[in-house]
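Have a look at the structure below before the remarks.
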Amino acid sequence: MSQLLTEFRRPELLQIVALTLRVTGAALLLATVAGVPIGALLGLVRFRGQRLVTLVLYTGMGLPPVVVGLFVYLSLSSSGPLGVLGWLFTPTAMIVAQAIIAFPLVAGLTMSAVAGVDRAVRQQVFALGASRWQSAWTVLLEARVGVTAAIVAAFGGIISEVGAVMLVGGNIEGQTRVLTTAIVLYTRQGEFALAMALGVVLIAVAFGANVLLLRLQGRLRDQ
Amino acid sequence: MLTPAARMDGAMTHIRSRFAWVLVTACLAAAATAAAQAPVKPGVLRLATTTSTDDSGLLRAILPAFEKLCACRVDVIAVGTGQALEIGRRGDADVVLTHAYQSELKFIAEHHARERFDVMYNDFVVVGPAADPAKIASRRSAREAFAAIAAAKAPFASRGDNSGTETAEMAIWASADLKPAGAWYRSLGQGMGETLIVANEQRAYTLSDRGTWLAMRDKLPNLRLLLGGRSIAENPDFALRNRYGVMAVDPRVHPGVNAEAARKFVEWLVSPETQRVIAAFGMTRFGQPLFYPDSDRWKASQVPAR
């Protein structure tokens with residue numbers, strides 16, 4: 001236990017936590033900005049091929065992160081189509097990979113939440129003379145608990161993800177090492193105490209972030 | 001006095017503003033994060049190497065001197081040798097430091113690098129459960145030891161990750177005319193550290209580089225070193241020698257690489273000064289070197305002047 005406590009005082013720990021939050025935060029944001037409107041749209045409108053889009057989205061939720069990582073790696077590689085960007089083995093590549101992993105979760109769960117809003121509410125809003133955008137916004141507000149849950153699920157999915165960020169980030173010390181890849185590294189080296197300490201930190205960080213998100217959700221629900 | 005409807009309306013506006021506020025804050029945070037992304041390249045050398053050089057602590061010990069010399073940053077991507085060479089093959093690293101001689105020659109034959117330089121060597125050892133059910137402790141060669149393990153169908157943990165160590169393991173099985181298969185042969189697809197941990201838990205034999213074994217043996221109470229001796233000088237089997245080579249990725253094939261820094265790195269790595277530091281690494285912690293200098297320039301410097 002005392003060994004565990006000394007591990008918390010490692011200077012690189014703060015940097016690793018900061019990068020983890022930066023990468024996951026940015027990826028979650030990209031996924032939210034793209035996923036919530038698209039999910040809401042899919043939940044609101046009816047169109048041909050909707051079942052197929054839904055199926056693709058739900059399948060995307062189960063995509064192994066390593067496969068996403070490999071896809072991003074091959075795209076960003078010098079020999080790949082986006083090699084000129086020079087993003088491989090940088091935090092940007094990790095953000096791209098995590099955003100792709102998070103997007104189906106955010107969009108798919110938002111879609112379910114919006115589709116679950118009572119039809120009567122929608123018709124009522126329309127009857128009150130709301131524009132299309134106003135009514136979409138109102139429905140989204142009605143579904144806010146489910147939308148927050150979508151974001152929370154996506155957050156949990158990517159902050160604990162290791163395969164993709166390891167592949168596209170390279171786990172470079174001081175550059176692209178995040179909590180999960182550090183845990184893999186220290187486990188590989190047999191530094192179990194340090195790996196465990198980082199695991200505790202990861203849980204604490206995820207717990208803190210979820211407290212924030214749930215307080216928000218709770219407040220929104222109470223009002 | 002507000003009517004219930006008006007109160008409802010007020011609450012709704014409140015929620016709406018809060019929800020919008022949350023989205024705005026989130027967008028600002030994203031913008032700030034994106035702005036913090038500094039594109040780096042010219043001052044960076046990307047080194048794809050094997051987990052053994054990194055996990056042993058060697059790179060952490062020697063690289064700061066090079067970073068000072070070339071005024072650049074070295075990004076170490078520590079993976080299995082197979083993946084390291086593949087990263088080089090795609091032009092995603094400027095220089096590769098690996099330990100699979102035949103694969104390295106193939107890398108050059110495919111024109112991804114012009115030349116390979118010997119850097120250092122160490123050796124592999126065969127470790128296994130203290131009870132030694134296949135009785136390999138008395139063997140003098142890895143070939144005989146592996147044949148005994150296969151005959152006894154004793155559990156064997158293989159890296160199974162196309163690493164330099166697995167390549168060496170496969171060469172030993174081939175030299176014994178064996179194709180390992182069956183429940184006793186466990187191909188893990190993992191790194192050296194994980195493989196040793198699994199071998200420890202499952203009381204299995206495995207082939208390990210001596211450095212990782214020395215670094216981790218305190219955490220492996222069920223395993224003993226059974227073939228390879230206490231140091232490389234006592235290793236009875238020359239086939240267990242583990243050669244590390246360095247190659248700068250050829251800029252004619254991969255124009256995106258930092259050829260200048262790669263060239264400097266290779267030159268620096270094989271220089272007698274760096275080789276001396278490599279030779280001393282591990283002496284204080286393990287009482288023996290983990291890597292033995294092997295560059296041509298080092299060997300030339302060791303020949304007494306006539």
Side-chain angles (χ1 to χ4, degrees), chain A residues 18 21-30 32-33 36 73-74 76-80 83-92 95 137-138 140-142 144 147-148 151 166-176 184-193 212-213 216 219-223, chain B residues 11-12 14-16 18-20 22-23 26-27 29-34 36-41 44 46-48 51 54-57 59-60 73-79 83 87 89-93 190-197 200 212 215-220 249 254-257:
Chain A
L21 286 174
R22 192 179 123 197
V23 168
T24 300
L28 188 64
L29 217 81
L30 287 173
T32 303
V33 166
V36 170
Y73 174 83
L74 293 175
L76 296 180
S77 161
S78 293
S79 316
V84 285
L85 295 173
W87 283 359
L88 193 65
F89 303 137
T90 69
T92 311
I95 293 170
W137 181 245
T138 310
L140 198 58
L141 276 173
E142 280 297 313
R144 63 192 174 270
V147 173
T148 314
I151 296 169
M166 183 71 108
L167 203 58
V168 304
N171 192 24
I172 300 163
E173 188 178 9
Q175 301 296 325
T176 58
V184 169
L185 173 73
Y186 293 127
T187 304
R188 189 173 77 206
Q189 295 179 346
E191 302 269 4
F192 290 165
L212 281 179
L213 282 167
L216 196 70
R219 263 191 220 166
L220 290 169
R221 187 162 38 188
D222 292 344
Q223 279 160 350
Chain B
M12 205 60 196
H14 191 59
I15 295 171
R16 213 170 291 186
R18 188 182 294 273
F19 196 57
V22 167
L23 286 183
C27 287
T33 314
Q37 308 290 335
V40 283
K41 284 303 135 192
V44 176
R46 296 167 303 172
L47 166 64
T51 49
D54 193 38
D55 289 357
S56 63
L59 294 178
R60 227 165 307 138
R73 189 182 86 210
V74 181
D75 278 357
V76 177
I77 300 138
V79 290
Q83 196 184 343
I87 287 172
R89 215 169 254 131
R90 303 187 58 88
D92 294 327
Q190 301 219 57
M192 195 69 253
E194 292 105 325
T195 303
L196 282 167
I197 290 164
N200 182 59
T212 309
M216 287 192 58
R217 66 177 165 187
D218 295 344
K219 301 172 180 94
L220 306 166
V249 176
H254 300 287
V257 299

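Computed over heavy atoms, backbone and side chain alike; hydrogens, waters and symmetry mates excluded. Throughout, a chain's letter reflects where its sequence line sits, starting with A, and its residues are numbered from 1.
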Task: Nearest heavy atoms of B/Arg90 and A/Ser78, plus distance in Å - done: O-CB, 3.4 Å

Task: Those residues that, when tested against B/Asp54, pass salt bridge (Lys or Arg N to Asp or Glu O under 4.0 Å) (two or more places apart) - done: none

Open item on the list: Can you give me the closest heavy-atom contact between B/Val76 and A/Ile172, atom names plus distance?
Closed with: O-CG1, 3.5 Å

TODO: Looking only at non-hydrogen atoms, find the nearest pair between B/Gly91 and A/Ser79 and report the distance.
DONE: N-OG, 4.4 Å

TODO: Kindly compute the distance separating CZ (B/Arg60) from CD (A/Glu173), expressed to the nearest 0.5 Å.
DONE: 5.5 Å

Open item on the list: Once salt bridge (Lys or Arg N to Asp or Glu O under 4.0 Å) is applied, do any residues pair with B/Arg89, and if so which ones, sequence neighbours excluded?
Closed with: B/Glu86, B/Glu110

Open item on the list: Are the side chains of A/Phe89 and B/Ile87 in contact, using a 4.5 Å heavy-atom criterion?
Closed with: yes

Open item on the list: Does any backbone or side-chain atom of A/Leu167 lie under 4.5 Å from a heavy atom of chain B? Answer side chain, backbone, both or neither.
Closed with: side chain

Open item on the list: Measuring from atom CG of A/Asn171 to atom OG1 of B/Thr51, what distance do you get when rounded to the nearest 0.5 angstrom?
Closed with: 11.5 Å

- [ ] Determine whether B/Val79 and A/Met166 make a side-chain contact, defined as any pair of heavy atoms from C-beta on separated by less than 4.5 Å.
- [x] no

Open item on the list: Less than 4.5 Å to any heavy atom of chain B: does that hold for the side chain of A/Leu185, its backbone, both, or neither?
Closed with: side chain

Task: Structural part of B/Gln83 lying under 4.5 Å from a heavy atom of chain A - done: side chain

